[in-house]
Colleague: 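Can you keep this structure in mind? I'll have questions shortly.
Just so you know, ligand 1 is whichever comes first in the structure, and atom 1 is the first atom listed for that ligand. Remember, predicted model here, so these are calculated numbers, not experimental data. Count residues from 1 along the sequence.
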Amino acid sequence: MLLAQSTWPEIEAFLTRSKTVIIPIGSNEQHGPTGLLGTDWMCPEIIAHEAQKDADILVGPTFNIGMAQHHLGFPGTISLRPSTFIAAIGDWTRSLAAHGFEKIYFFNGHGGNVATIEAAFSELYAEASFARQPRGYALKLRNWWDLSGINRLAQTQFPVGHGSHATPSEIAVTQWAYPHAIKTADYSPTIAPSGPIREGLDFRARHPDGRMGSDPALATPEKGGELVRAAAAALITEVASFSAEPFLV
Ligand code: NI
């Protein structure tokens, strides 16, 4: 079930049978010469939208702008600074919790978001801790590639040239979902350099075409489809187990 394509009475009815919501979260940022700017929000959205066809789960609107300051040397990148991102995650969560959602599962597609999302969770829990009150809801963060079996599948598909940014696995997922938007380029070098992540101009100097350690030419829509199907199944299993976790206070 997709929240954006539901009405409020449908959400009210859903809350009588489940108090869990999945929020795909990502980033709009450069993904090398052939990767779509939306790659990092598209991947969790594609997987979550696929999963909700097979299970009675609710997927919220995609949080599609994240912490991507290091990619701002490339046109099309849009970033929130960490403090803005923390504030926005807080208000999304408070809105959902106000209506009775008790398990809020952030399904992430951008490694650069992780530290800030975890900090946002700590801010929300701290409000309850200082007040010596139960929070009343639980938060979980999962990167789509860290779902059970997915890293292993990606390593099998792309044993060389996977890298860490503009990876063939994430490009493959978007190719499967948006075959009309597949791009090609002559990559030089074939496998991009790796290096530290600092400010935007430093990033562009180290990674001139935007890739980090990857060879996106290895991506195919078929491999993307394998990843989506495996990740959707793993997502359903993990969300069921998160939903079943009891509250102790
Ligand atoms: Ni990415």
Side-chain angles (χ1 to χ4, degrees), residues 23-50 62-80 82 85 106-118 141-147 150-151 153-155 157-158 160-178 181-185 187 191-200 203-204 206-221 223-228 230-232 234-235:
I23 304 294
I25 189 166
S27 176
N28 194 90
E29 63 182 47
Q30 71 83 14
H31 267 76
T34 58
L36 308 181
L37 283 152
T39 298
D40 280 1
W41 62 260
M42 288 172 174
C43 288
E45 179 180 279
I46 291 162
I47 295 162
H49 284 206
E50 198 65 14
T62 301
F63 198 137
N64 61 12
I65 304 295
M67 214 305 288
Q69 65 80 20
H70 48 295
H71 293 300
L72 283 170
F74 296 88
T77 300
I78 303 172
S79 180
L80 300 177
F85 197 22
F106 285 86
F107 187 41
N108 182 44
H110 175 46
N113 281 350
V114 170
T116 309
I117 296 173
E118 293 286 7
L141 169 63
R142 176 67 73 198
N143 302 319
W144 70 265
W145 55 87
D146 287 329
L147 282 169
I150 301 305
N151 268 315
L153 174 57
Q155 282 305 317
Q157 291 177 325
F158 311 107
V160 177
H162 188 269
S164 58
H165 182 65
T167 65
S169 59
E170 60 182 347
I171 305 279
V173 168
T174 63
Q175 287 182 341
W176 176 79
Y178 301 104
I182 295 176
K183 325 278 181 175
T184 56
Y187 297 105
I191 297 178
S194 293
I197 295 176
R198 294 175 184 150
E199 81 277 21
F203 187 100
R204 185 155 179 169
R206 291 175 193 279
H207 310 284
D209 72 2
R211 299 174 295 147
M212 291 183 78
S214 65
D215 178 8
L218 300 169
T220 67
K223 287 177 177 166
E226 284 176 21
L227 287 161
V228 171
L235 177 65

Colleague: Nearest 0.5 Å, please: how far is CD1 in Ile47 from CG in Leu235?
Modeller: 8.0 Å
Colleague: Can you tell me if Glu29 has an N, O or S atom under 2.8 Å away from the Ni ion (ligand 1)?
Modeller: no
Colleague: Which value, rounded to 10°, describes the OD1(Asp40)-the Ni ion (ligand 1)-OE1(Glu170) angle?
Modeller: 90°
Colleague: Centroid separation under 6.0 Å, is that true for the rings of His71 and His165?
Modeller: yes
Colleague: Work out which heavy atom in Phe106 is nearest to a heavy atom in Ile25; give both atom names and the distance.
Modeller: CD2-CD1, 4.0 Å
Colleague: Can you tell me if His110 has an N, O or S atom under 2.8 Å away from the Ni ion (ligand 1)?
Modeller: no
Colleague: For the side-chain hydrogen bond (donor to acceptor under 3.5 Å, both in side chains) test, which of Gln157, His162, Gln155 pairs with Ser169?
Modeller: His162
